[in-house]
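Take a look at the structure below.
Numbers restart at 1 for each chain; the letters A, B, ... are given by sequence-line order, proteins then strands. These values consider heavy atoms only, across backbone and side chains, with no hydrogens, waters or symmetry-generated copies.
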There are 2 protein chains.
Amino acid sequence: MSHAASASAPDPLLQLENQLCFPLYALSRMITKAYQPMLQELDLTYPQYLVFLLLWEHQELTVKELGDKLLLDSGTLTPLLKRLEQKQWISRRRDPRDERSVIIGLLPAGRELQQRACQVPEHIFARLNMPLQDFENLRHQLTTLLTQLA
Amino acid sequence: MSHAASASAPDPLLQLENQLCFPLYALSRMITKAYQPMLQELDLTYPQYLVFLLLWEHQELTVKELGDKLLLDSGTLTPLLKRLEQKQWISRRRDPRDERSVIIGLLPAGRELQQRACQVPEHIFARLNMPLQDFENLRHQLTTLLTQLA
DNA sequence: CACGATTTAGTTGTATACAATTTAATATTG
DNA sequence: CAATATTAAATTGTATACAACTAAATCGTG
């Protein structure tokens, strides 16, 4: 009852506080920021780091496969991968068996990044200050929702 | 034991699958995409929609206050708000009592948007296909984590 | 085999995000 | 009260995101 003729009733469903989307959106960005100091030492951005997580595990992946796993399209990945190629961290070559595909591989410098990155996850986990059980629980809930939407 | 001399052991902590950050990052984008069809009809982007959620509730907020609530800085907000001003949905004026601040207010067209937006949250909730209890639970967990990090 | 449909990357254009810097206004302090 | 520190927006530059489109290769079907 404070202000002038503000006709609009404060629909609780339209309040930022009651949305699921907002904490998801904001927390995602805050966690990215929590990675930033460590990733900066590796000269990596957060999405670039995700690409390397996959390459360290699989050695080689096509742009399509990276996109399927990260839920990103070529409009995002192509320029990102070109930047990593310029740094001589990855290789990009057409698949000789299907010239439509581009195979992304690790170059030595990119493979060596893994040694320096291996402390990153523990560091983040520590900063979350969260019991492992809650962590696993939350991860499972988010992953389930993600599967439903994607 | 499949491939060549891949020296790297598959550190499970470095696998995308075991990160909390990735489902958070991916789910945030997927939910934004779930909003997109409805927001497109309102000619709004998702961050613009968040700004309006706050303005519909508070009528007027400074750029600083918007940034505090959305965890966004002026580098993001200023151009976003200028676009909304160009559409005559919001007003931007300096606070006469503190010329450093810019007060964002709703113009009639921006206020009317609320009527058309009020179905958006229910629509999204339906698409999540999730018991209300789980929804509230997840929102609470994310909000708690967010408070810790921000 | 021919040819239209599909698939994969790449390109273009727009809109965030955010670090770093700048500018102007206000607050603080000696 | 003057010098300094702090604060709020804006600006600059880089890197995502993503829709829409293009180009080239492959697939499927008659």
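- The shortest side-chain heavy-atom distance between B:L84 and B:I104 does not fall under the 4.5 Å cut-off.
- For C:dT26, the OP1/OP2 oxygens have no side-chain nitrogen or oxygen of B:R97 closer than 4.0 Å.
- At whole-Å resolution of the value, CD1 in A:I103 and C1' in C:dA9 are 13 Å apart.
- Residue order along DNA chain D, read from the 5' end via each residue's closest nucleotide, puts B:E65 first among A:P79 and B:E65.
- Nearest heavy-atom pair across A:C118 and B:D11 is CB-OD2, 4.2 Å.
- You'll find that the side chain of B:D73 is closest to C:dA19, out of C:dG10, D:dT16, C:dA19.
- Between the C1' atom of D:dA17 and the CZ atom of A:R83 lies a distance of 11 Å, rounded to the nearest Å.
- Base engagement by A:T76 is indicated by at least one non-hydrogen atom pair under 4.0 Å involving a base atom.
- In this structure, the CD atom of A:Q86 is 13 Å from the C1' atom of D:dT14, given to the nearest Å.
- The side chain of B:T45 places an N or O atom within less than 4.0 Å of a non-bridging phosphate oxygen (OP1 or OP2) of C:dT16.
- Separating the CG atom of A:L39 from the P atom of C:dA19 is a distance of 13 Å, rounded to the nearest angstrom.
- Within a 6.0 Å sphere centred on CD of A:E17, other residues, nucleotides and ligands contribute 12 heavy atoms or fewer.
- We find that CD1 of B:I104 is positioned 8 Å from P of D:dA9, with the value rounded to whole Å.
- Contacts of B:T32 with the nucleic acid, taken as non-hydrogen atoms under 4.0 Å apart, are absent.
- Place A:E99 and A:P47 on DNA chain D by their nearest nucleotides, and A:P47 ends up nearer the 5' end.
- Using a 4.5 Å heavy-atom threshold, the side chains of A:Q19 and B:L50 count as separate.
- Between B:Q40 and D:dA19 there is no side-chain polar atom (N or O) within less than 4.0 angstrom of OP1 or OP2.
- Contacts of residues 17-31 of chain A with DNA chain C (heavy atom under 4.0 Å): A:Y25, A:R29.
- A donor-acceptor pair is defined here as one N or O able to donate and one able to accept, closer than 3.5 Å; such a pair exists between the side chain of A:R94 and the backbone of A:R100.
- One finds no side-chain N or O of B:R92 lying less than 4.0 angstrom from the OP1 or OP2 phosphate oxygen of D:dA8.
- The CD atom of A:Q48 sits 9.0 Å away from atom CG of A:L39, with the distance rounded to the nearest 0.5 Å.
- Atom C1' of nucleotide D:dT16 and atom NZ of B:K33 are separated by 13 Å, given to the nearest angstrom.
- Proximity of B:V51 to B:W89: side-chain heavy atoms (C-beta onward) are nowhere separated by under 4.5 Å.
- The residue A:S74 sits close to a base: some heavy atom pair falls under 4.0 Å.
- For A:N18 against A:P12, the heavy-atom pair with the smallest separation is ND2-O, 2.8 Å.
- Here A:T78 does not reach the OP1 or OP2 of C:dA9: none of its side-chain N or O atoms lies under 4.0 Å away.
- The nearest whole Å value for the distance from the CG atom in B:D95 to the P atom in C:dT26 is 9 Å.
- The side chain of A:T62 lies closest to C:dA9, out of C:dA9, D:dA9, D:dT16.
- Of the charged side-chain nitrogens involved, at least one lies within less than 4.0 Å of a carboxylate oxygen, so that B:R139 and B:E136 count as a salt-bridged pair.
- One interatomic measurement links the two molecules: CZ of A:R94 to P of D:dA25, which rounds to 8 Å at whole-angstrom precision.
- OP1 or OP2 of D:dT11 sits under 4.0 Å from a side-chain N or O of B:K82.
- Residue-level contact check: A:Q36 touches neither bases nor backbone, having no heavy atom under 4.0 Å from any strand.
- As judged by a 4.0 angstrom heavy-atom cut-off over every strand, A:L77 is placed among residues making no nucleic acid contact.
- Along DNA chain C, the nucleotide nearest to A:D98 and the one nearest to A:G75 differ in position, and the one closer to the 5' end is contacted by A:D98.
- At the phosphate of C:dT6, neither OP1 nor OP2 sits under 4.0 Å from any side-chain N or O atom of A:R100.
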